[in-house]
Each structure stands twice: as structure tokens, then as C-alpha cells.
Number of protein chains: 2
Amino acid sequence: MTTQPPAADGRGVSLIDVARLAGVSTQTVSRVTNGSPKVAAGTRDAVLAAMDSLGYRPNSAARALRRGSFRTIGVIVYDLASYGNTRSIDALAEAAAHRGYSIVLNPVRSTSESDISTAFTHLDEKSVDGILVIRDEHIHLENSTQIPSATPVVILDSAAPGDRPAVDADQRGGARQAVEHLLDLGHPTVHMVGGPTTSHSAAEREAEWERLLRAAGRDVPPVVRGDWSAASGYEAGRTLAADPAVSAVFSANDQMAVGLLRALHEAGRRVPDDVSVVGFDDIDESGWLWPPLTTVRQRFDESGRVAVLKLFEAIESGRREGSFESVPTELVVRGSTGPYRPRG
Amino acid sequence: MTTQPPAADGRGVSLIDVARLAGVSTQTVSRVTNGSPKVAAGTRDAVLAAMDSLGYRPNSAARALRRGSFRTIGVIVYDLASYGNTRSIDALAEAAAHRGYSIVLNPVRSTSESDISTAFTHLDEKSVDGILVIRDEHIHLENSTQIPSATPVVILDSAAPGDRPAVDADQRGGARQAVEHLLDLGHPTVHMVGGPTTSHSAAEREAEWERLLRAAGRDVPPVVRGDWSAASGYEAGRTLAADPAVSAVFSANDQMAVGLLRALHEAGRRVPDDVSVVGFDDIDESGWLWPPLTTVRQRFDESGRVAVLKLFEAIESGRREGSFESVPTELVVRGSTGPYRPRG
DNA sequence: TGAGGCCATGTTAACGTCAACACATCCGAT
DNA sequence: ATCGGATGTGTTGACGTTAACATGGCCTCA
């Protein structure tokens, strides 16, 4: 029952100790820990008993050295503190743990080549079995000779260059849900608060928004651009609030929508009576803002899960090229959107 | 310039290859990688050149096996998706990376003994050099024989049992800043939206709130309790909005304050004219809510940094007992608080 | 001029695990 | 009786690195 203190001597208990106590060879002990069928029941029990009384734990460093794999996947993430990324990582870590893998976290500050290379090098040294890159910008892996060709890489949150496997939310589909919802409510057109130009998802959302407006023969007003922050949403909101033609706004994320709502309030434009607002992400607060925010929910956890599965697939199959997988979004209608009412 | 593909054969390049190419012994190469001073400049250059042309990367599994340390610290976190924890982890990872350590992430779902034990066991097998536990509840490490006594543990976010080193924001000080701010504004008393009873920080904030009210000879109204979520804040807000005596509310976190604001809006109680609200945390959105939220800012990044430093200290000194460190908070006054105005 | 010491380098062995092979049994089929 | 083939177990060596010790050359100082 493992209540023993971990052996008087400072060092850990090894296969040898267990083998000695059980009166077998180390190889037999190894077979037991790895669940080999070629062990007699009696022997197995004796070994298990010995392991238990000694409090034996396999040493994964030795294991890793021996088999070249550490049962570990490296995660390179550019903005750990963002809502979605955290969600994805949480789900991803669980999925990985479920398979007996651990996560080595590697937050990267800047986009610079050298930072990325360093991260890859670092992970390579750790003998990770695969690498997951969470990144909403276009990634130049081409230059990264740092990635040993043997290590599979999956990109999360962005289209991947070349033929690498990638996972992303269905940005286009989500934007479509948002824009169609607003058009269905009778709004003559939809204004857009866009994300930063470097962002892949921002570009996708905008492209789809524009495509739909054109397809419906509506005006395509200029994009008011933010940087994802609530502060930038507020700025955008001040601009939009000043324009009486604005009756519906699609914000590329919820945080900017928060600032947007405040700007509209301050300008005396009521939501949703005067202006309807749709966000993107469905962060925790969205449903409890005033008014509660209609938004496009991303299944971040699902993305994380899918990404790990793809990675395992690559690890196991040894294949390096891969397909793109898109995770569906869902429109959540709340109080911030309503039917179009001409000014009067 | 490492543009070479990593050697035609599948396996990695080892010390032996480098040594052979440079015409020295493996030990000398090892000394170079570890920056030993006892290497002649000429030899060092030759070795570096060889490493470079071969694209050599040290194998950390072998290293770990040899020296029993993996230059890795394990992080056990109970709620990865929470704003503060993410911030802390981000800062902590950077501080660790700075010292050449990596982070193994170990999110834990439940509080159950077995879950915790599993996490510890898992990390122990990974030969981590230290463990950081991020947890806002009281932790029963006593029962965890799983922790090898050799591995230092630092607790972040909570008082630690026994004499283990711990780091936490100055919960009491933060609560004091909030309550004193409201009393200074002339409010006869301060109502409180509390966090879950299991939470350490919630308890601290409440205790201080109560202490201050008593010290000032004010009424101590019953705590309206939430679970940190905006949804629960909304519920709490409905209760408080119905009570005309409520003129100032201290919410144990910002998320609940979001829901609280909405409930007050809906009930027609204006903020800050009728009711002042103070939150805790200073999440990204707080400054852009309507009205912008006065709140107590936690320096999550600082907490993370301090925790790693403490851990390194423990790793290096070998000492296991440790002190408690508290990270100061800061009151951020915004639009949600104003002077007391008797109803009328 | 020789003793002592420092310096740069090499040699050996070991960290804990597991794959590959070798070797006993024991079984049933010829 | 003999052989082929399971079945369970032991032996050997290697994964890549580094600590500990060994060596040989050169410098300094008495």
C-alpha cells in the first residue's frame, strides 16, 4: 500500500531493487511494468508486490533515453493569456494525459524568427514526440530548419503553410452566421469592427463578411480596425456611434464588443433598439453584459482535442503531411441584436 | 550555420559524432556544451564548429538520466482557464525559461485525493526538479505520500499547510483598499458578493471586509454568495438590487461584478449614482465595461515570477520549509464608484 | 634542476530501462 | 522416444551524457 517512505537512501527505487526483492531479473520486472503477456501470473504478482512495497516508479528519463520518446508533446503558444488559447490548452492537456502524454508549455513572446527557432530547438532537445503550435498569424515554418523532420507538427488556430496538418474553427462559417443573422433582422447592411491585419482569423471573418454583403447586394462600409482589445473596441465604437447610418455591427471578437457597447451607451445609441451588435468567441462574460451579447461561439475545447488527435495520428502513422480540419461554430442569440428600426 | 539537414541517418547526432569530427574526446565536447572553463579556446572553437556543421543538439533524456534532473518544473493547476492563473503561468513560464527550465503542465479536474496523487506521481516520474501548485483552495498535502520528499513544492494562490513555501496576492490588503475606498466615499456600509466557501482568497477578502466594517462601527450585512461566475454575480445582483439600503457593493471578483452591473441596470439602479461597485482582479474587460469598473488589481504576473524564484531557491538550497510571500495589490479607481447620495 | 602544482584533455564507468537474443522447461504430435 | 514449438525467464549490451579519476605537459619557485 505504498505507505513506505521512499527508501531510506536518497535515490529513487529502480528496477534492480524491485528485481532483487522479488527474486527475478530486471527484465521480468520491466515486462511487468509494460504489461507484457509473457509473464506467469505468480511471477507477476510477486513483482507487483515488490514494486508496491518499495514504492517503485519507473524513471521516464531512462525510458526516454532507451526508446527515444518521452511521451511528451510540446506546445508553442503565442498568447497564453487569451481566452480561447487557454481553453484549447486545457482540453488538449486532458486529451494528451488520457493517452499518457504530458504537455511541455513553451510560451513565446514575439513573432521573431529567432524566438520561434529557439522554441523549436528547446522542444527538440526535450525529445518531444510532437509539437503543437497555437498561433493566429501566418507562420513561416519554411525557414525553420530547426524543426527536425522527424517531429510531427500540428498547427492550431491558423491555416498551415504547405501540407502540414492544421486545425481551426470554421471562421467563415461563423462569420456567415453572424452576418446572416443581422441581415435576417432586416438591417440594410452590417458594419464591421475588424481584428488586426496580421491575424489569420480576423482576415477570414472579414473576407466572409464582405463576400456576403456583396452577394446580397448591400453596401460594404469600410472596416473599423481594432487590435482585439476592449480598448480598441471602444475606440472603434466611438467612430461608429457618430455615424447615424450604423444599425448593425459585427465585431470580430467579444472583447472589442465590450468596448463597443460602452461607446454606444455613452453616445446614447441604445442596444439593440438603435444598434444591433454581434461578437465572436462567446467568452464567459458575454452572456452577462448589459445587454447580453449575441455572439458566435467557438468550441475551443473541441479544437484542442481535435488538434491532439491529429498529432497522435501523425506520431503513430509517421506521416508528415496532413489535412486541414475545421471545427464548427454556433450562433448564440442574446439581447444585443434586434430587428432593424429606421431612425425617427 | 546549421543549414545542414540533420544527418542522413534517422537518428540524432550525438556527442560521439561531434567528438569524432572535432578530433577530441566526448568529455571535451560535453565540457563545451556545459560551458566549462577548462577548455582551451582553440579546442572550444573546433568543437563548436563541429557541433554546428552536424547540427548537434544535446539529448536531454540522457542528461536527465545522468544527473537526475531534467531542468523542468511541473505545474499542477486546477483551473487553467481562469484569467489569473493563465497570467501567472505565462509569467512563470518566462521566468523559468530564462533559467533554462521548461514547464510541464498538469491540469487537474477535480479536487479528489486520487487526482492529486496521480498528478504528483506523474510529475515525479517525469523527474521534475520542483513542483508548483496553483490552487485557490486549502490543499491537503499531508496525505500525499506521493510527493517524494526530495522534490520541492511551492504553493501559489493559497496559504500552504505546514511550513511549505507559498505565494499569494495580498488578499487582505486588497480587500482593505476596496472597502476603505467605499467608506471614504461616504457610504454608510458596504455589501459584499462573496466567492465560494471553498476558496481561500474569497475567505480572506470576506474576513477583511468584515473586520473593517466592524472596526468602523458599521453594519455588517449578510454576504450574498456566488461561485466566481458572471452568472452567479447576476443572481446576487438581483437580490441586492431589491434592497434599497444597498449603496455600495464589493464583489469578490470582476466576473461576478459584470453580472452584478447588469442586474443593477435591469433593476434601474444607476451605477455609480445609486450604487457604487468595486471588483477584484482587474480583468482585461474591466476598464471598458459600462460603467468602467473600479477594482483591485492583482499582479498575477508578479505572483508567478515570485513563485518560480521561490522554487528555484528551494531547488538550489535543498531546504524544504519556506516562508509565505505576499504580492501587493493596487486599487484602480474607475467610473463604477462615486460619493454616497442618500436616496430621495 | 627538480619538486610541486596547475591546466587541458582523455578514460572509465554508471545513470535506469528495454530490445534482442539465449536458454531452459514442458507440451503434444509424430 | 523424439522432435518442434510454445512459454517463461535470464543475460547482454546499448541509448547519450557526465562525474570521477587519471594522465601528461608546462610553468613556477625554491
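Residue numbers begin at 1 in each chain, while the letters A, B, ... track the order of the sequences.
A:K126 has its NZ atom 14 Å from the P atom of D:dT17, to the nearest Å. The distance from atom CZ of A:R63 to atom P of C:dC15 is 18 Å, rounded to the nearest whole Å. To the nearest angstrom, P of D:dC15 lies 7 Å from CD1 of B:I16. Atom-to-atom, OH of A:Y56 to P of C:dC18 comes out at 6 Å; the value is rounded to the nearest Å. Summarising the geometry, the separation between CZ on B:R20 and P on D:dT17 is reported as 13 Å, rounded to the nearest angstrom. The distance from atom CZ of A:R67 to atom C1' of C:dA19 is 12 Å, rounded to the nearest whole Å. If you measure from atom CZ of A:F70 to atom C1' of D:dG16, you get 13 Å, rounded to the nearest angstrom. Atom CG in A:D45 sits roughly 14 Å away from atom P in D:dG8 (whole-Å rounding).
Sequence order on DNA chain C of the closest nucleotides to B:P37 and B:L65 puts B:P37 first from the 5' end.
With respect to the salt-bridge test (charged N to carboxylate O, under 4.0 angstrom), the residues B:R99 and B:E94 do not qualify.
Remark: aromatic rings of B:Y83 and B:F300 are close, center separation under 6.0 Å. Between A:F70 and A:Y101, a ring centre-to-centre spacing not shorter than 6.0 Å is recorded.
In this model, no donor atom of one side chain and acceptor atom of the other lie less than 3.5 Å apart for B:S326 and B:D168. B:T28 and B:S25 are linked by a side-chain donor-acceptor pair at a separation below 3.5 angstrom, with hydrogens and angles left out of the test.
Between the side chain of A:R31 and the base of D:dG10 there is at least one donor-acceptor pair of N/O atoms closer than 3.5 Å.
Listed nucleotides: D:dT11, C:dT17, D:dT18. Nearest to the side chain of B:S30: D:dT18. Side-chain atoms of A:Q27 lie closest to C:dA19 of the nucleotides D:dT18, C:dT9, C:dA19.
Of the side-chain N and O atoms in B:N59, none sit less than 4.0 angstrom from OP1 or OP2 of D:dC15. Phosphate proximity of C:dG10 to B:T28: present, with a side-chain N or O under 4.0 Å from OP1 or OP2. At the phosphate of D:dT9, OP1 or OP2 sits under 4.0 Å from a side-chain N or O atom of A:T43.
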